[in-house]
Amino acid sequence: MSEAEYLTVQEALTAVLAGVSVLSAENVPLLDALGRVLAQDVVAHDSLPPFANSSMDGYALIAADLAEASPQSPATLRVVGDVAAGAVLDVIVERGTAVRIMTGAPVPPGADAVVPVEDTNEAWRNRERPLPEQIQVNRSVKVGDYVRHPGEDIQSGQVILEKGHILRPQEVGVLASLGINQVPVVRRPRVAILATGDELLEIDQPLQAGKIRNSNGYTQAAQVLALGAIPVQLGIAGDTETAVRQKLQAGLEANVDLFISSAGVSVGAYDVVKAVLETEGNVGFWRVRMRPGKPLAYGTYHGIPYLGLPGNPVSAMVSFERFARAAIRKMAGHTQLDRPTLSVTLQNEIHSNGRESYIRAIVTSTRAGYEAIVTGDQGSHIMTSLVKANALLIVPEGVTYVPKGDMLTAWMIDWSETRF
Ligand code: AMP
Ligand code: MG
């Protein structure tokens, strides 16, 4: 395959995304909905606030009684009752009277405003204080002042959250206030993770000659978890077709929505994943004009979407960031599939090879704007380059040199500013 036959990153991404769809909906308890995507519109069956209530500790009264009130000539009102939050008072407020009221308590009938306790001669805050017989108010108020009106926030019958809305703590709060404790959300994607290679050991094994521990299986399971999806760890398959087939079978039995494997998709003599997928799947093997992460396999295995990532740990993680992350987010109902990006000023020069490059970097916020420093050795086996990084700088296709001081787009993996 010549370089011209390679796919661009965008072409590969478009093809991957075309092969996955939004998963079905399920009802889950309210807190389990956090971070997930609403699968249906939610209609409010109550108004919020549900009743007119006071926004201050003070006195409920009739605004017209205070028309002339001022510090020099306060108005005097007879106190006819007391209402706390959670209580209901049957007394009707008439001209010349007031009811002591606490924040959140229902405004009694007849009253059309509240005056804060600070504006009277009867500040009882922080003290047990008997109800006064009368109060003096040294200001005027307008009708409706310090009253929270029913339906001011949410009206019964209103679509309060639309299908597709992401549920954050504030949405959880709104749903709780409406008494909605089962929420229709998009199912969490179940993602099979398979590591392949005769060189791989389980992580609790001591190192042996020629062997390394399976790190990709854990990086990828963690990436899946960080997306709110469910990793199904298939473990390690050695470089035989039987071993790979057996592990993939376990994934089918675990009802996964997506397979992700690492290694075995390049042109090495032992790349048996390719052999299995070519006979039992419908998988294409691509070369992507991307660095790191050139080899990529994509298609279906027994009808389930399959994404084969490169073996080198940095290539695997970056390919996951670029392709698997978007696919999983699409399945989970998200429409914003990419990471947030920033425009950053480069603090050192970069040489590239003309493929779209994802350079590990530390982005910091400075008075002059966002600045980026490359995290040293960019070899695709240097895992610490990712540990140091909070961003991937994107060097566009066709660019082989970026001088210090130029602007680049930073794909923000996270917002931490940890140094290594
Ligand atoms: P391959 O794609 O099989 O040629 O693997 C490329 C490189 O990635 C080799 O150096 C492998 O040893 C390494 N590698 C493959 N799988 C893993 C894994 N699960 N964890 C860590 N390194 C791996
Ligand atoms: Mg291998």
Side-chain angles (χ1 to χ4, degrees), residues 1 6-7 12 16 191-226 231-248 250-251 256 258-278 281 283-299 301 306-325 353 355 357-358 360 377-389:
M1 218 187 247
Y6 284 28
L7 299 181
V16 168
V191 184
I193 309 288
L194 175 65
T196 70
D198 278 342
E199 73 276 37
L200 300 179
L201 296 171
E202 296 293 353
I203 60 169
D204 57 0
Q205 297 302 303
L207 287 176
Q208 302 163 23
K211 309 278 188 187
I212 56 171
R213 297 190 186 98
N214 168 24
S215 63
N216 288 346
Y218 286 84
T219 312
Q220 289 170 357
Q223 286 180 297
V224 167
L225 274 176
V232 176
Q233 284 182 284
L234 301 180
I236 300 166
D239 286 319
T240 67
E241 293 189 28
T242 317
V244 170
R245 207 170 276 125
Q246 221 171 42
K247 295 290 184 186
L248 294 180
V256 297
L258 171 68
F259 280 100
I260 292 179
S261 66
S262 59
V265 292
S266 49
V267 290
Y270 299 99
D271 288 342
V272 294
V273 172
K274 191 169 175 176
V276 172
L277 295 178
E278 272 170 351
V283 175
F285 291 82
W286 304 337
R287 298 283 169 266
V288 183
R289 279 203 295 278
M290 174 178 180
R291 192 180 69 131
K294 180 168 71 168
L296 192 71
Y298 187 67
Y301 181 75
Y306 189 106
L307 190 51
L309 305 181
N312 276 308
V314 174
S315 316
M317 185 164 180
V318 172
S319 298
F320 186 111
E321 267 289 317
R322 204 64 191 85
F323 303 113
R325 184 176 186 278
N353 68 355
R355 295 210 298 262
S357 299
Y358 290 79
R360 278 76 76 201
D377 190 340
Q378 297 286 307
S380 58
H381 60 297
I382 305 291
M383 294 175 73
T384 52
S385 71
L386 275 164
V387 172
K388 291 171 194 166

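Whatever order the structure lists ligands and atoms in, that order sets their numbers, starting from 1.
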Donor-acceptor pair, Asp377 side chain versus Ser385 backbone, under 3.5 Å? no
Could you please spell out the steps behind the side chain to side chain contact (heavy atoms under 4.5 Å, CB included) verdict for Tyr6 and Lys294? CA-CA 9 Å; Tyr6 284 28; Lys294 180 168 71 168; 3.5 Å; yes
Using modelled atom types only, decide if a donor and an acceptor are shared between the side chain of Thr384 and the backbone of Ile382 within a distance under 3.5 Å. no
So is Gly197 close enough to ligand 1, meaning a heavy atom under 4.0 angstrom away? no
Is Asp239 reaching over with its side chain to a backbone N or O of Asp198, donor-acceptor style, under 3.5 angstrom? yes
What is the nearest protein non-hydrogen atom to atom 21 (C) of ligand 1, stated with its residue, atom name and distance? Ser215 OG, 3.3 Å
With atom 11 (C) of ligand 1 as the reference point, say which of Met383, Glu199, Lys211 has the nearest heavy atom. Glu199
Polar contact flag, side-chain donor to acceptor under 3.5 angstrom, Gln378-Arg360: yes
Val265 contact mode with ligand 1 (heavy-atom cut-off under 4.0 Å): neither
Work out whether the distance between some heavy atom of Gly264 and some atom of ligand 1 is less than 4.0 Å. yes
Could you pull out, from Ala195, Gly311, Ser380, the option with a heavy atom nearest to atom 15 (C) of ligand 1? Gly311
Any sub-3.5 Å donor-acceptor pair from Thr196's side-chain atoms to Ser262's backbone N or O? yes
Taking only heavy atoms of Arg213, which atoms of ligand 1 are found under 4.0 Å from at least one of them? 20 (N), 21 (C)
Option from Leu225, Ile260, Val232 for which side chain to side chain contact (heavy atoms under 4.5 Å, CB included) with Val191 holds: Ile260
Taking C-beta and beyond as the side chain, do Leu309 and Gln220 meet within less than 4.5 Å on heavy atoms? yes
Tell me, please: is His381 in heavy-atom contact with ligand 1, that is, under 4.0 Å? no
Using a 4.0 Å heavy-atom threshold (strictly under), name the region of Ile212 that reaches ligand 1: side chain, backbone, both or neither. side chain
What's the shortest distance from atom 19 (N) of ligand 1 to any protein heavy atom, and which residue and atom give it? Asn214 OD1, 2.9 Å
Nearest protein heavy-atom contact for atom 16 (N) of ligand 1: which residue, which atom, what distance? Asn216 ND2, 3.6 Å
Can you tell me which residue and heavy atom of the protein come closest to atom 4 (O) of ligand 1, and the distance to 0.1 Å? Ser266 OG, 3.7 Å
What I'd like to find out is whether the side chain of Trp286 reaches to under 4.5 Å of the side chain of Val265, using heavy atoms alone. no
Between the candidates Ala263, Ser261, Gly210, which shows the shortest non-hydrogen contact distance to atom 1 (P) of ligand 1? Ala263
Winner among Asn312, Leu201, Val314 once heavy atoms are compared against atom 10 (O) of ligand 1: Asn312
